[in-house]
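What you see is a predicted model; the values in this text were computed from it and never measured.
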Amino acid sequence: MSQELQQEQQRVNQVIGIIQDQINEYEEATARRRQEVVDIRKHFWEDVTVNTDNFDDFLETIISLRQQSEVLSLSQGSHRQSSKRLSQLQRMQDVPYFGRIDFAEEGMNETECVYIGVSSLTDATGEKFLIYDWRAPVSSMYYDCTPGPAEYITPGGPIQGTLEQKWQYIIRSGVIQSMFDTRLTIGDEILQQVLGQSADTHMRSIVATIQQEQNRIIRHDSARLLIVQGAAGSGKTSAALQRIAYLLYKYRNRLTADQMLLFSPNAMFKSYVSNVLPELGEENMQQVTFQEYLNHRLSSSFDVEDPYTQLEYVLTASEDPNYRVRMAGIRFKATKAFFDRIQSCRQALEQSGMVFKDISIKGKTLVSAEEIMERFYSEHTTLRFANRLEKLSDWLKELVKEAEKAERRKPWVQDAVELVDNDEYQQAYAHLRKKHGLTEESEEDVDLELVRKELARRIVSRKFKRIRQQIKDMGFIDTPAIYKQMLVSHPTDDEVEGAELPPEWNEIGEMTSQLIDQGKLLYEDATPYLLLKELIEGFQTNVSIRHVLVDEAQDYSPFQFEFIKRLFPAAKMTVLGDFNQAVFAHADGTDDFGMLAELYGEEQTDAIILNRSYRSTRPIVEFTRALIPNGEEIIPFDRNGSRPVLTRAADAEQLHQSIREKVNQFREQGHRTVAIICKSAAQSASVFESLHDLEDIKLVTSGSIEYKQGIVVIPVYLAKGIEFDAVIVYNASDEEYGEESLRRLFYTACTRAMHELQLYSIGKPSRFVQEAASWIAVDSIS
């Protein structure tokens with residue numbers, strides 16, 4: 001071992017010793033603070049004086065409660081911070097840092113050695129930094145600068161100087177395995193080593209391998225909207241999650257993880273990325289799929305279709321008589337023009353077109369829809385739309401209140417009073433005594449007739465509870481009818497800003513109306529319907545969310561982005577995607593995120609393009625970039641590997657036997673994750689049934705919650721964003737992948753492979769494969 005390496009190892013040992021000392025301190029502090037929280041909770045009410053006899057006593061009680069709650073909150077906060085720091089230190093035990101820069105600041109006489117890791121560490125005095133957090137301003141030079149003149153930006157302005165050296169370390173279990181001086185941004189040796197590993201069950205955060213262009217994404221902090229268009233395997237998602245960690249670090253005094261929201265493509269992907277932020281010492285942000293949000297808002301009224309069911313229809317139902325109409329509807333309902341049409345429809349409702357429901361009780365109409373409409377369009381017409389609805393709601397509440405009073409005198413109510421049980425009678429009796437200020441010592445009593453009236457009031461109130469709730473929830477508005485009305489009407493040019501309706505518009509309206517009448521809402525209708533509902537009843541915005549990330553953003557329509565913008569009015573947004581992987585029908589004919597420039601305006605929008613692909617070996621990237629237009633812009637990372645292989649089979653039986661042999665071969669080679677990628681869920685289920693005898697094979701469906709290692713059969717659209725050691729593309733024939741509309745789907749399937757890509761074809765291979773034939777090896781089944 002060289003003298004320099006020995007010195008560096010001594011430093012590692014010293015730092016690990018300090019980390020261990022701090023771990024011991026924090027373990028003790030965390031245990032002590034946990035006990036404090038337990039004790040406060042246990043004795044909470046013993047330390048609170050509760051007295052409500054008069055206003056002063058009541059006020060004293062409130063103050064006492066608040067003080068005790070603040071004490072509990074402070075203790076919980078201290079425990080949370082202590083636990084978080086303990087977790088960070090424990091992660092640093094084996095790998096305290098991964099890099100070092102030697103920087104001579106301008107005007108200073110000495111060079112500082114800046115060691116960089118996943119979290120900061122100071123000595124016992126707290127004044128000298130032994131390790132700098134990778135997100136600290138000075139650490140940016142590690143990712144962005146080469147030796148020579150360099151600078152980094154601090155809140156007080158730029159710091160300039162000379163970057164003299166940049167070192168990288170591979171440390172495992174506290175032992176330096178290798179270290180080297182690099183003249184590049186990040187040494188290829190480390191990146192090669194990381195990329196050569198098998199795919200993990202979860203996405204990992206390798207901050208030591210962040211590239212300069214990824215660092216721009218992570219530290220970007222100017223525009224309201226950041227758009228990241230990146231090639232498959234370019235590290236978009238990893239950079240985005242590290243961006244969240246950076247923002248939580250930079251704004252730690254005013255930004256928390258629960259103020260950040262990630263829209264994930266599916267539940268399995270949420271599991272896949274779940275450990276990235278904890279690995280960086282941060283709490284996980286909120287994750288949700290857009291479908292989960294739609295279900296939360298609409299599933300009580302409709303059976304809401306999910307995006308994968310829609311895609312299954314697109315991929316497998318071309319023989320359906322309604323296919324042409326449905327496809328036209330999917331495309332138009334995803335547009336900004338349709339968004340504007342709904343807004344125009346809402347504006348038009350101020351003059352006419354509102355549809356209401358009867359308000360009835362026990363089969364009798366209290367207020368008819370016609371009466372409600374007449375009232376809405378004749379009273380308070382000078383007020384804003386929302387205020388008019390509020391006045392209408394108040395009017396209906398008064399009518400119901402009067403109806404309740406009248407109902408109490410009905411014979412059925414008097415009969416019900418005679419049949420109440422003793423518990424209800426006692427409750428009514430006790431309520432009246434308290435209402436009249438009668439204490440237990442009082443000799444006065446409540447008149448029996450008053451008790452009967454109270455019981456009648458309670459009985460009728462229960463009967464009218466549903467109606468009161470209906471009015472409170474604006475349930476007297478017939479939103480489905482208004483939505484159907486909008487679909488079948490013919491707006492003026494102004495209402496859709498001159499945009500042409502599709503020729504199938506009438507058929508689209510009829511088909512959608514029929515489904516709504518059956519209680520079904522297509523995926524392409526879910527967001528538009530919810531928008532119309534929000535515009536009528538009042539938008540339920542969320543101002544607590546400060547940053548929204550949208551992954552696989554090419555799967556979202558311009559309509560949905562407009563909706564998300566209005567849903568989170570106080571948030572900045574980062575969107576990440578690759579239109580070469582845009583598999584949903586609404587994205588046909590779109591190849592970039594240009595439509596998003598209008599969302600916040602060009603001045604508030606920045607875009608970063610990632611062209612270098614790191615996931616796959618060079619031969620796989622050479623093949624996959626030949627599958628798409630402008631694929632030559634994708635730059636493969638120089639990692640050697642085998643060429644993709646195409647094997648032709650005579651029939652399904654021969655294909656399945658060959659797949660069994662290939663899976664076992666991949667296992668023998670040490671590949672822990674192998675995906676058999678199919679075109680659709682229907683095909684995946686059929687293939688799984690045929691191959692179920694394979695050991696450890698699993699079927700992944702849209703309902704799958706967690707991604708696990710092993711052999712998986714998976715539809716291509718669920719594999720997006722996930723990487724596998726080896727990929728088998730099931731039946732890449734021209735019969736399966738012959739349509740131009742399937743090019744992106746096929747490209748997505750092939751780009752999931754890290755090390756091995758095997759294509760099978762029953763009969764003639766897809767024309768996409770033929771176009772890239774020079775980059776593959778052709779095998780035959782013996």
Aromatic ring pairing Phe290/Tyr293, orientation class (parallel under 30°, perpendicular over 60°, tilted between):
tilted
Can you give each donor-acceptor pair under 3.5 Å made by side-chain atoms of residues 390-402, sequence neighbours left out, with the distance rounded to 0.1 Å?
none

Mind listing the closest non-hydrogen atom pair of Ala481 and Val355 along with its distance?
CB-CG1, 3.8 Å
Would you please indicate if the ring centroids of Phe339 and Phe563 are separated by under 6.0 Å?
no
Does the pair Ser557 and Lys333 meet the rule for a side-chain hydrogen bond (donor to acceptor under 3.5 Å, both in side chains), with working shown?
CA-CA 9 Å; Ser557 68; Lys333 291 171 182 176; over 6 Å; no
Atom OG in Ser461, atom CZ in Arg468: separation rounded to 0.5 Å?
3.5 Å
Could you walk me through whether Ile359 and Ile372 pass the side chain to side chain contact (heavy atoms under 4.5 Å, CB included) test, one step at a time?
CA-CA 9 Å; Ile359 293 180; Ile372 299 173; 4.3 Å; yes
Leu248 and Ala257: which non-hydrogen atoms are nearest, and at how many Å?
CD2-N, 3.6 Å
Salt bridge (charged side-chain N to carboxylate O under 4.0 Å, His left out) filter on Arg80, not counting sequence neighbours, yields none
Working for side-chain hydrogen bond (donor to acceptor under 3.5 Å, both in side chains), residues Ser360 and Asp358:
CA-CA 6 Å; Ser360 304; Asp358 293 342; 5.2 Å; no
How far apart are the C-alpha atoms of Arg458 and Glu454, what are their side-chain angles, what is the distance that settles it, and do they pass the salt bridge (charged side-chain N to carboxylate O under 4.0 Å, His left out) test?
CA-CA 6 Å; Arg458 289 175 174 238; Glu454 173 62 18; 2.8 Å; yes
Taking atom OG1 of Thr605 and atom CG of Leu226, what is their separation to the nearest 0.5 Å?
9.5 Å
Are Arg326 and Glu524 within salt-bridge range, i.e. N to O under 4.0 Å?
yes
Minimum heavy-atom distance between Pro528 and Phe338, given as atom pair plus value
CB-CE2, 3.5 Å
With a 4.5 Å limit on heavy-atom distance, are the side chains of Asp306 and Gln310 in contact?
no
Side chain to side chain contact (heavy atoms under 4.5 Å, CB included), that's the test. Do Glu407 and Phe464 meet it? Break it down for me.
CA-CA 10 Å; Glu407 194 73 17; Phe464 276 73; 4.0 Å; yes
When rounded to the nearest 0.5 angstrom, what distance separates CG in Asn266 from NZ in Lys720?
9.5 Å
Quick one: salt bridge (charged side-chain N to carboxylate O under 4.0 Å, His left out) partners of Glu424, sequence neighbours excluded?
Arg462
Any idea how Tyr308 and Tyr717 line up, ring-wise: parallel (<30°), tilted (30 to 60°), or perpendicular (>60°)?
parallel
Could you tell me if Lys565 sits above the aromatic ring of Tyr600, with its cationic atom closer than 6.0 Å to the ring centre and no more than 45 degrees from the axis?
yes
Report yes if the distance between the aromatic ring centroids of Tyr529 and Phe302 is under 6.0 Å, otherwise no.
yes
State the CZ-CG distance between Arg452 and Leu455, to the nearest 0.5 angstrom.
8.5 Å
Carboxylate-amine/guanidinium proximity below 4.0 Å for Arg375 and Glu371
no
Using 4.0 Å as the upper bound for N to carboxylate O, is an ion pair formed by Arg324 and Glu507?
yes
Mind running side-chain hydrogen bond (donor to acceptor under 3.5 Å, both in side chains) on Gln469 and Asp473 for me, showing each step along the way?
CA-CA 6 Å; Gln469 190 63 46; Asp473 296 339; 3.1 Å; yes
With the threshold set at 4.0 Å, does a side-chain nitrogen-carboxylate oxygen contact exist between Glu562 and Arg566?
yes
Salt bridge (charged side-chain N to carboxylate O under 4.0 Å, His left out) against Glu598, all qualifying residues, sequence neighbours excluded
none
Please determine whether side chain to side chain contact (heavy atoms under 4.5 Å, CB included) holds for the pair Ile459 and Val420, giving the CA-CA distance in whole Å, both sets of side-chain angles, and the decisive distance to 0.1 Å.
CA-CA 9 Å; Ile459 291 167; Val420 298; 4.0 Å; yes
Considering residues at least two apart in sequence or located in another chain, which fulfil the salt bridge (charged side-chain N to carboxylate O under 4.0 Å, His left out) criterion with Glu312?
none
Could you please spell out the steps behind the side chain to side chain contact (heavy atoms under 4.5 Å, CB included) verdict for Met260 and Leu247?
CA-CA 10 Å; Met260 311 188 89; Leu247 293 173; 3.9 Å; yes
From CD (Glu504) to CZ (Phe332), nearest 0.5 Å:
11.5 Å
Between Ile508 and Pro502, is any pair of side-chain heavy atoms under 4.5 Å apart?
yes
Given ring-ring contact (aromatic ring centres under 6.0 Å, His included), test Phe385 with Phe376 step by step and report yes or no.
CA-CA 10 Å; Phe385 189 81; Phe376 182 74; 5.7 Å; yes
Scan the side chains in residues 534-550 for donor-acceptor partners under 3.5 Å anywhere in the protein, sequence neighbours excluded, and list what turns up.
from, atom 1, to, atom 2, distance (Å)
Glu534, OE1, Arg297, NH2, 2.8
Glu534, OE2, Arg297, NH1, 3.2
Glu534, OE2, Gln540, N, 3.1
Glu537, OE1, Lys533, NZ, 3.4
Glu537, OE2, Lys533, NZ, 3.1
Asn542, OD1, Ser544, N, 3.0
Asn542, OD1, Ser544, OG, 2.7
Asn542, OD1, Ile545, N, 3.3
His547, NE2, Thr574, OG1, 2.9

What's the shortest heavy-atom distance between Leu450 and Leu432, and which atoms?
O-CD1, 3.6 Å
Ile471 and Ile467, any side-chain heavy atoms less than 4.5 Å apart
yes
Between the side chains of Lys463 and Glu404, is the shortest nitrogen-to-carboxylate-oxygen separation below 4.0 Å, so that they form an ion pair?
no
Apply the test side-chain hydrogen bond (donor to acceptor under 3.5 Å, both in side chains) to residues Asp423 and Gln427: give CA-CA distance (whole Å), side-chain angles for both, the deciding distance (0.1 Å), then the verdict.
CA-CA 6 Å; Asp423 284 346; Gln427 288 174 13; over 6 Å; no
Test item: Thr512 and Lys484 side chains (from C-beta on) under 4.5 Å apart, heavy atoms
no
In Å, rounded to the nearest 0.5 Å, how long is the span from OG1 of Thr479 to CE of Met486?
11.5 Å
